[in-house]
Trainee: 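Mind looking over this structure? Questions follow.
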Amino acid sequence: MIWYLLTVLLIIPLYLLSLFCLSPKDKKDLLEEIKWELKYLWLGFQAVIDDLFKIWKNKTDLPRRKGDVVVMTGGLRGIGLEVIRMLLECDMIVVVGCRDIEKGEHFANKMRMEGTTLGKLDFKTLDVSSMESVRNFAAAVKKDYPKIHVLINNAAVMYVPYAITSEGYETQFATNYLGHFLLTHLLLKQLDATGTEDAPARVVHISSVAHELGGINFDDINFEKEYYIAYKAYSQSKLAQLLFGLYLNEILKERKSNVRSYVVHPGIVNTELFNNTIVKKTSPFILGLWFKPPDKGAVPIVFCAISPQAKHLDGCYVSNCLKKETPVTKNSKDLQQKLFNFSTDLLKIEEFGKS
Ligand SMILES: NC(=O)c1ccc[n+]([C@@H]2O[C@H](COP(=O)([O-])OP(=O)(O)OC[C@H]3O[C@@H](n4cnc5c(N)ncnc54)[C@H](OP(=O)(O)O)[C@@H]3O)[C@@H](O)[C@H]2O)c1
Ligand SMILES: *[C@@H]1O[C@H](CO)[C@@H](O)[C@H](O)[C@H]1NC(C)=O
Ligand SMILES: *[C@@H]1O[C@H](CO)[C@@H](O)[C@H](O)[C@H]1NC(C)=O
Ligand SMILES: CC(=O)N[C@H]1CO[C@H](CO)[C@@H](O)[C@@H]1O
């Protein structure tokens, strides 16, 4: 804790020093960046404390679901890897969309050697930041699996340097949100055909507390005009996921569909997602000391994906396996609809879920 504060105190003078050697515009941009850095440090601090008090709520049952199919994006490290392990314990078929299939096979062998014998793993190529790759992945999944019980939108990048994908989207927006929006659209029919009234199929979106700092930059979604602050773009992408997750559940209920949508904050978890943060660069041991280990981060995700006890949490934002209210969950109907319309327009989707 002391170290955390010391790190923050160290960073500030460093920033102030660099302020002296900049032009007025650069100064303004840097000040804005510092503001975001501090906002994140404060939010992260609060979230770590929240986890410390509530981690005992980390329960999930692991019901036998022999042969049921889960599709998940990203999962060869961090939280996703632990989610896979738990789903295999339930004897499920886990279809993982990842960029490096060989790495997948390697992990599969390792997991088998470590004693996970149940279930089945299937790796398929997916770069979720590319809409073309998402379409190919969805087609390959549908071909092999007419039934899909759960979709987990897990893959993400955080605080990456500014880059625009070949299709013209800012990387964090494309990876964390838009690719998953499209994937959900493309697999919804399968999910719908699989779910029943008693046991609806589930879509689980992994959002983050970071959504609390975000806004949706509709006029400049890719930060082409505005100065790019990686923190701001990450918040935007995680807010977008939350808004979509909440709205999707409303549409599904309206359509009397047998699919339900959940949004999860896994906690502040020690993974490589933090590679680009100042805390990890300056004092990595803080992560090991204070952050949740990945297997604990996986619990609320698995809970929302398969636990009968989570049934009533559809359409909620879930943290430490509990429903959590934030300003966004309380009051964002218009924003949800605006983003939904914006996204379907962007991707030229005529009717969501009908493909
Ligand atoms: N860690 C936390 O404290 C925290 C807090 C709140 C929310 N979350 C959320 O939890 C989820 C899991 O994060 P994590 O902490 O486990 O992160 P992580 O260890 O960095 O794992 C991210 C995963 O996403 C995959 N991925 C990234 N870009 C991809 C792309 N373009 N196409 C396909 N896969 C891609 C990575 O695969 P590669 O091996 O191919 O890179 C990796 O498997 C994320 O949605 C994150 O936003 C985490
Ligand atoms: C994160 O950092 C570790 C240690 O420096 C490195 O081994 C790993 O490849 C990095 N991962 C990512 C995704 O940048
Ligand atoms: C979104 O689109 C629907 C249908 O086209 C329309 O009725 C609604 O007013 C739009 N909402 C917003 C906030 O743009
Ligand atoms: C499912 C799971 O991981 N449960 C763990 C929750 O935390 C308690 C206390 O740390 C552990 O004993 C449980 O195994």
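Read the numbers this way: they start at 1 and go in the same order the structure lists the ligands and their atoms. As the structure is a prediction and not an experimental result, all values here were calculated from the model.
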Trainee: Examine K338 against ligand 3 and note whether any of their N/O atoms are separated by less than 3.5 Å.
Mentor: no
Trainee: Tell me, please, which residues at least two apart from D127 pass salt bridge (charged side-chain N to carboxylate O under 4.0 Å, His left out).
Mentor: none
Trainee: Tell me if the centroids of the rings in H180 and F244 come within less than 6.0 Å of each other.
Mentor: no
Trainee: Under the 6.0 Å and 45° cation-pi test, does K39 pair with W42?
Mentor: no
Trainee: Using ring pair (Phe, Tyr, Trp, His ring centres under 6.0 Å) as the criterion, point out the one residue from W36, F223, Y40 that pairs with Y231.
Mentor: Y40
Trainee: With a 4.5 Å limit on heavy-atom distance, are the side chains of K124 and D122 in contact?
Mentor: yes
Trainee: K280 and N275: side chain to side chain donor-acceptor pair (under 3.5 Å), yes or no, with the steps?
Mentor: CA-CA 6 Å; K280 177 130 181 195; N275 267 18; 3.2 Å; yes
Trainee: Tell me, which pairs form a side chain to side chain donor-acceptor pair (under 3.5 Å) where one or both residues lie in residues 104-117, sequence neighbours left out?
Mentor: R85-E114
Trainee: Would you check the N or O atoms of N341, main chain and side chain alike, for any that come under 3.5 Å of an N or O of ligand 3?
Mentor: yes
Trainee: Under a 4.0 Å heavy-atom cut-off, what residues line ligand 2?
Mentor: R77, E272, N275
Trainee: Check the angle between the aromatic planes of Y159 and Y234 and answer parallel, tilted or perpendicular using the 30° and 60° thresholds.
Mentor: perpendicular
Trainee: Apply ring-ring contact (aromatic ring centres under 6.0 Å, His included) to residues F173 and F181 and explain how you reach the verdict.
Mentor: CA-CA 11 Å; F173 182 72; F181 182 89; 9.6 Å; no
Trainee: Does K338 count as lying over the ring of F218, i.e. NZ or CZ under 6.0 Å from the six-ring centre, within 45 degrees of the axis?
Mentor: yes
Trainee: Show the distances, to 0.1 Å, for all pairs joining an N/O atom of ligand 1 and a protein N/O atom that are shorter than 3.5 Å, listing one pair per line.
Mentor:
| unit_1 | atom_1 | unit_2 | atom_2 | d |
| --- | --- | --- | --- | --- |
| ligand 1 | 1 (N) | V269 | O | 3.1 |
| ligand 1 | 1 (N) | T271 | OG1 | 3.4 |
| ligand 1 | 3 (O) | G267 | O | 3.3 |
| ligand 1 | 3 (O) | V269 | N | 2.7 |
| ligand 1 | 3 (O) | V269 | O | 3.4 |
| ligand 1 | 15 (O) | T271 | OG1 | 2.6 |
| ligand 1 | 16 (O) | I79 | N | 2.8 |
| ligand 1 | 19 (O) | R77 | NE | 3.3 |
| ligand 1 | 20 (O) | R77 | NE | 3.3 |
| ligand 1 | 20 (O) | R77 | NH2 | 2.9 |
| ligand 1 | 20 (O) | L273 | N | 3.4 |
| ligand 1 | 24 (O) | A156 | N | 3.3 |
| ligand 1 | 28 (N) | R99 | NH2 | 3.3 |
| ligand 1 | 31 (N) | D127 | OD1 | 2.8 |
| ligand 1 | 32 (N) | V128 | N | 3.0 |
| ligand 1 | 39 (O) | R77 | NH1 | 3.2 |
| ligand 1 | 39 (O) | K103 | NZ | 2.9 |
| ligand 1 | 40 (O) | R99 | NE | 3.0 |
| ligand 1 | 40 (O) | R99 | NH2 | 3.3 |
| ligand 1 | 41 (O) | R77 | NH1 | 2.9 |
| ligand 1 | 41 (O) | R99 | NH2 | 2.8 |
| ligand 1 | 43 (O) | G75 | N | 3.2 |
| ligand 1 | 45 (O) | N154 | O | 2.7 |
| ligand 1 | 45 (O) | K238 | NZ | 2.9 |
| ligand 1 | 47 (O) | Y234 | OH | 2.9 |
| ligand 1 | 47 (O) | K238 | NZ | 2.7 |

